[in-house]
Amino acid sequence: MASTVFADEAVRLRDEAGLTDAMIARATGAAPSTVRDWLAGRSAPTGGRAERMGELAAVVDRLARVMDVGYVPVWLIRPIEALDDHKPVDLIARGQYRRVLKLIAGLEDQGAA
């Protein structure tokens with residue numbers, strides 16, 4: 001089932017990037033208890049929550065290219081000046097992940113310079 005893949009992404013983000021159930025919930029619009037069910041394999045995100053999970057995973061994967069993966073959870077919840085002092089996790093929750101990816105692309109470009 002395709003939705004199981006999105007639950008697997010939640011597990012991967014927790015295990016590899018250190019995201020908490022609360023942070024995943026915030027980014028996807030789910031309740032923390034719902035995310036705990038995803039992490040335990042009892043259910044999986046669907047619809048808009050599955051989309052947000054995919055977007056969150058894309059952001060985290062790109063961030064891991066430009067910073068220590070241990071810092072990713074901190075970066076996601078910090079107000080970022082280049083994002084008009086919005087927190088990236090909140091922009092992802094509103095479906096504005098492209099703004100976040102655009103900023104990360106700039107960081108990737110700086111790393112290549």
The reported gap from CH2 in W75 to CG in L103 (rounded to nearest 0.5 angstrom) is 5.0 Å
Correct closest heavy-atom pair for A7 and A44 would be CB-CB, 3.8 Å
One should read off an interatomic distance between D21 CG and L13 CG, to the nearest 0.5 angstrom, of 12.5 Å
Nearest heavy-atom contact between P73 and L19 is CG-CD1, 4.1 Å
Value for OG1 (T20) from CZ (R26), rounded to nearest 0.5 Å, stands at 9.5 Å
Between the CD1 atom in I24 and the CD atom in E9, the distance rounded to the nearest 0.5 Å is 10.0 Å
Smallest heavy-atom separation, V60 atom then A17 atom, equals CG1-CB, 3.6 Å
I'd like to know if the side chain of T34 and the backbone of A30 have a donor-acceptor N/O pair within less than 3.5 Å.
no
In this structure, CZ of R52 is separated from CD1 of I92 (nearest 0.5 Å) by 9.5 Å
Residue set satisfying side chain to side chain donor-acceptor pair (under 3.5 Å) with R98, at least two apart, ordered chain then number -> none
Nearest heavy-atom approach of V89 to M23 is CG2-O, 3.9 Å
Distance col, row L76:CG vs D90:CG, nearest 0.5 angstrom, shows 10.0 Å
Exercise for the section: May I ask you to say whether D85 pairs ionically with R78, meaning some side-chain N is under 4.0 Å from a carboxylate O? Expected result: no
Note: P88 and L83 closest approach over all heavy atoms is CG-CD1, 3.9 Å
Legend entry - Polar side-chain atom of D84 near backbone of H86 as donor-acceptor pair, under 3.5 Å: no
